[in-house]
Structure formats: C-alpha cells, structure tokens
Protein chains: 2
Amino acid sequence: MDRKNIPRATVRRLSLYCRYLAEIREQDIEYVSSRELGGGIGTNAAQVRKDLSFFDRFGTPGRGYPVGFLHQRLEQILGIDGRRWQVAIIGVGRLGSALVDYGGFLKHGFHVVAVLDSDKKKIGQTVKSLTIEDVADLKAVIERSRVDIVVVAVPAEFAQRVATQAVDAGIRAVLNFAPATLILPEEVNLRHVDLAVAMESLSFHLIR
Amino acid sequence: MDRKNIPRATVRRLSLYCRYLAEIREQDIEYVSSRELGGGIGTNAAQVRKDLSFFDRFGTPGRGYPVGFLHQRLEQILGIDGRRWQVAIIGVGRLGSALVDYGGFLKHGFHVVAVLDSDKKKIGQTVKSLTIEDVADLKAVIERSRVDIVVVAVPAEFAQRVATQAVDAGIRAVLNFAPATLILPEEVNLRHVDLAVAMESLSFHLIR
DNA sequence: TGCAAATAGTAAATTATTTCACAAACTTTT
DNA sequence: AAAAGTTTGTGAAATAATTTACTATTTGCA
C-alpha cells in the first residue's frame with residue numbers, strides 16, 4: 001500500500017465507494033463504471049478515477065471496475081478487512097449508550113471492548129454485557145483490553161482531559177463527539193463528529 | 001452580510017471560533033489575538049485573520065479582537081442570534097431519541113418541534129413532550145410545524161426516501177445521520193454525520 | 001478479423017485553500 | 001511626543017484538490 005499523502009477528502013470518499021460497492025455487490029452487479037460509482041456517492045467520474053489511481057489500477061477500459069474485487073481491495077486499503085479494531089467508549093450518557101450498540105460498529109470490524117464513565121452510580125452497571133468501568137482506571141483498561149481507538153462521548157468540559165489521558169496511555173486514534181476542540185499531538189489521529197458545527201453550517205447557508 | 005463564496009472549511013471554523021469565544025467570554029477576557037484564537041481551535045493566526053476578513057474588519061491592530069463583539073457578530077453570521085430554527089427528527093431509534101434531548105440543540109436556537117417514525121408501535125408515544133407522528137404525514141407535519149431543518153435518523157435503506165419526501169415538502173436543509181449517501185437537488189443544504197466514515201478514516205491512518 | 005463504442009488512466013490546466021510576508025494601525029513605554 | 005513593540009488586514013505566493021482533455025485499452029458486434 002502507498003506511502004503517498006492521500007487527501008483527506010479522498011479517504012472519506014473511499015469509505016463511501018466501499019459502502020456503495022457493498023450495496024451493488026448484493027445485487028450481483030459485476031462491473032461498475034467510474035461514472036456510476038461517482039453518481040452513487042454524489043461525485044463525478046474523474047474524481048473516482050483520480051481517487052483510485054492513488055492506490056492501483058483496478059479497472060478495465062471499456063468495462064469499468066470489477067465490483068467484488070474493488071470492494072475487497074478498498075476494505076483492505078481502509079483497514080477493515082478481517083482486522084479487528086478494539087474500541088473503548090468513554091462517557092455512558094445518552095449518546096454513549098446509543099453508540100455502544102450501534103450496529104454499524106460491529107459490521108465493519110470495530111468491536112466495543114470497554115465502556116467507561118466517571119459517575120459512581122453508573123460504574124459497575126452493565127451495558128450490552130460490558131461492565132462500566134471507572135474512567136480513573138483508563139490507562140489500565142486501555143492496556144488490559146488492548147484498545148486501539150477511543151471514542152470520547154463525555155460532556156465538553158471533560159473531553160480534553162480524558163482525551164489527553166487516553167493519549168498518555170498510548171492511544172493513537174480518537175473519535176470525539178463532545179462539542180469541544182481537542183488539542184492533541186500531531187501524530188494522534190483525531191476525528192470530530194460535531195453536531196453543533198453541522199447544524200450551524202446549515203443555519204449559515206439557510207440565511208443566505 | 002456577504003454574497004461571496006465562503007469556503008466550507010471557513011464556515012466550519014467560524015462555528016469553532018464562536019464556541020471558543022463563548023468560553024473565554026465567560027472568563028471575562030476582553031481581547032483575543034488571532035494567534036490565541038487560532039490556537040484555541042487548532043489552527044493558526046493567518047487562517048483566523050483570513051477567515052474573518054471574508055466578513056468584516058473586527059480587530060484592532062496591536063490589541064486583537066474584542067471577544068464579546070466578535071462572538072456576537074459570529075452568531076449573527078452563523079444565523080444563531082436570537083433566531084429560532086425549527087427542527088424535525090425523523091426516526092426515533094436509539095440515535096434519534098438521543099438527539100431529541102441533546103442539550104446543545106436548544107442552546108443554539110435549534111428547537112425540536114416534531115418527531116416522526118414509521119413504526120406503528122412508536123407512533124402516538126411521546127418523547128420529551130412531543131408526540132411521535134407517522135412519517136407518512138411528513139409533508140403535513142413539516143407545513144404545520146413550520147420545520148426549517150430535517151434530521152434524518154432512520155436506517156440507511158429508508159434514508160433516501162424520507163429525505164426526498166422532506167425536500168418535496170419544501171425543506172431546504174437536511175442533516176443526515178444514516179450511513180447512506182443522499183442524492184438531493186443542488187440547492188438543498190445537506191450535511192452528513194457519518195460515524196462509519198469517521199471510524200474508517202481512523203482505521204485507514206492507523207495501518208499506515 | 002476489423003471496426004465502433006465505451007471507459008480507464010493520467011498529465012496538464014484550473015480552481016480552491018492555506019500560508020507568507022509586510023505595510024499600516026494601534027498600544028504602551030519612556 | 002517620540003520610539004518601540006504588537007497585531008491586524010491583505011495582496012501575493014505556495015500548496016492542495018478538482019476537473020479537463022486526451023491517449024490507450026478493451027469490449028462487443030458486424
């Protein structure tokens with residue numbers, strides 16, 4: 001696989017291509033053109049070809065891309081082929097618990113292996129057969145359960161603290177749901193799922 | 001306010017600046033430099049100045065930006081100043097219900113005024129003093145409740161259908177939580193909050 | 001087999017976004 | 001009141017991402 005700098009937008013689209021391919025694979029479609037594939041995720045043929053060209057030559061001129069093969073290769077490229085990512089969710093509020101049994105997790109090789117909170121009343125209870133642990137023991141939990149990815153679902157004011165603790169415990173990938181900007185070392189992979197930002201962007205465009 | 005084409009990334013950052021300003025405003029800080037403001041959201045001073053320069057000259061050389069004033073102006077620019085956006089949530093599964101009483105909504109002028117589902121067992125029940133309505137009545141609900149923004153929180157296979165119905169009923173802004181690409185007319189504002197894409201992007205970078 | 005149609009791959013052009021660099025404006029100090 | 005120190009706003013430069021345009025393959029059919 002490639003060392004080149006892949007645009008972040010390209011990586012995002014790879015996920016979307018992959019999802020679309022899974023769908024049409026179900027329908028036993030064998031080949032798909034860059035035009036169809038682009039149309040399926042709301043972009044164009046040139047973008048598809050450029051995105052894929054970062055990795056390999058997957059297609060056949062005159063025919064398009066072999067659906068099954070490309071799907072498989074994209075799963076490899078995305079690191080969701082057979083691999084098993086261990087996820088810890090910090091913060092078992094409404095959102096946190098919704099995430100624990102979010103079906104999409106398991107389907108793509110992401111396994112929730114630990115759930116943590118700071119609320120003494122919640123610690124010890126179980127969610128989906130996982131015992132809620134004390135966030136004070138974060139480092140121990142991360143090591144014991146070999147966590148790869150930490151999901152931050154705590155209130156904004158605690159988000160930076162738990163994220164920093166997770167990184168100190170060796171975590172290299174963080175998905176943040178808290179409405180807060182996290183400042184973490186460069187080398188840590190950080191993604192935000194920010195409802196407020198999305199809503200405000202809609203608001204911004206609606207009034208124009 | 002301006003007609004120019006504002007980069008999407010700039011709009012995203014405006015939200016973050018706004019949030020950061022709200023925080024330091026609480027601490028009665030009166031001025032903030034572009035450097036501090038950038039640092040606060042993980043970008044740099046030049047980016048801050050360029051972003052703000054799309055709209056107006058807010059700062060004072062040698063001093064920085066007046067916190068309260070800039071915060072207020074950004075709220076205006078984002079359309080979250082006193083205005084009241086009416087939101088309908090379609091799909092009252094785990095995620096949908098988590099969203100209904102997501103505090104951050106109300107705080108920024110977004111009011112959930114309707115909740116819909118297709119499940120006969122859920123229709124008629126109440127969530128946060130809202131009666132769950134039949135998604136078959138979507139158009140009527142949107143008109144009656146003067147909905148501005150529709151949040152799609154249904155399973156992927158139904159997402160396109162309800163989104164299209166919402167647009168047909170006059171909706172111009174959609175926030176999609178379903179793991180599906182929605183194809184909607186250009187002029188409709190569409191944002192995705194896509195957990196799978198975020199996780200896969202982390203996975204992609206972790207294996208490199 | 002040969003020819004028309006379709007489509008991938010890619011270099012170059014274009015467009016968009018970010019960063020640089022510096023003059024002008026303002027504050028603070030002496 | 002002048003000098004020194006900050007920090008903004010902004011054109012220009014640099015970088016990044018997308019789109020265009022064209023070549024080369026491959027298919028499918030006569």
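Lettering of chains follows the sequences in order, A, B, ..., and the numbering in each one begins at 1.
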- From the options D:dT18, C:dT27, C:dA25, select the nucleotide whose nearest atom is closest to the side chain of B:Arg63. C:dT27
- Query: Counting only heavy atoms not in A:Glu26, do more than 12 sit closer than 6.0 Å to its CD atom?
  - Reply: no
- Task: Tell me what A:Gly62 touches on the nucleic acid: a base, only sugar-phosphate, or nothing, going by heavy atoms under 4.0 Å.
- Result: base
- Message: Check the phosphate of C:dA8 against A:Ser34, side-chain N and O only, distance under 4.0 Å to OP1 or OP2. Yes or no?
- Response: yes
- Message: If I take atom CG in residue B:Asp51 and atom C1' in nucleotide C:dA16, what distance separates them, rounded to the nearest angstrom?
- Response: 14 Å
- Item | Value in whole Å for how far the P atom of D:dA16 lies from CZ of A:Arg8 | 13 Å
- Message: Quick check against the 3.5 Å criterion: does A:Asp56 have a side-chain atom that pairs as donor or acceptor with the backbone of A:Phe58?
- Response: no
- Note on the structure: note: B:Asn44, atom CG; C:dT17, atom P; distance rounded to Å ~ 16 Å
- Under 4.0 Å between a side-chain N/O of A:Asn5 and OP1 or OP2 of D:dA16, yes or no? no
- Message: Between C1' on D:dT27 and CD on A:Glu30, what's the gap in Å once rounded to a whole number?
- Response: 15 Å
- Item | Integer-rounded Å distance: D:dA16 P and A:Lys50 NZ | 14 Å
- Return no unless some side-chain N or O of B:Arg57 is found under 4.0 Å from OP1 or OP2 of D:dT10. yes
- Can you check the B:Phe69 CZ to D:dT8 C1' distance for me, whole Å? 14 Å
- Item | B:Tyr31 OH - C:dC26 P separation (whole Å) | 11 Å
- Task: Would you indicate what B:Ala9 reaches in the nucleic acid, counting non-hydrogen atoms under 4.0 angstrom: base, sugar-phosphate, or nothing?
- Result: sugar-phosphate
- At under 4.0 Å, does any side-chain N or O of A:Tyr65 touch on OP1 or OP2 of C:dG9? yes
- Ignoring backbone atoms, test whether A:Gln47 places a side-chain nitrogen or oxygen under 4.0 Å from the OP1 or OP2 oxygen of D:dA17. no
- Could you say whether A:Thr10 or A:Thr60 is positioned toward the 5' end of DNA chain D, judged by the nucleotide with the nearest heavy atom to each? A:Thr10
- Query: So, for B:Ala180 and B:Ala159, which heavy atoms are closest and what is the spacing to 0.1 Å?
  - Reply: CB-CB, 4.4 Å
- Message: I'd like to know if A:Arg144 and A:Glu133 make a salt bridge, using a cut-off of under 4.0 Å between side-chain N and carboxylate O.
- Response: yes
- Side-chain donor/acceptor of B:Ser201 to backbone N/O of B:Val197, under 3.5 Å: no
- Query: With a 3.5 Å cut-off and just heavy-atom distances, do the side chain of A:Arg49 and the base of C:dG9 make a donor-acceptor pair?
  - Reply: yes
- Query: Could you give the CG-to-P distance, from B:Leu52 to D:dT7, as a whole number of Å?
  - Reply: 16 Å
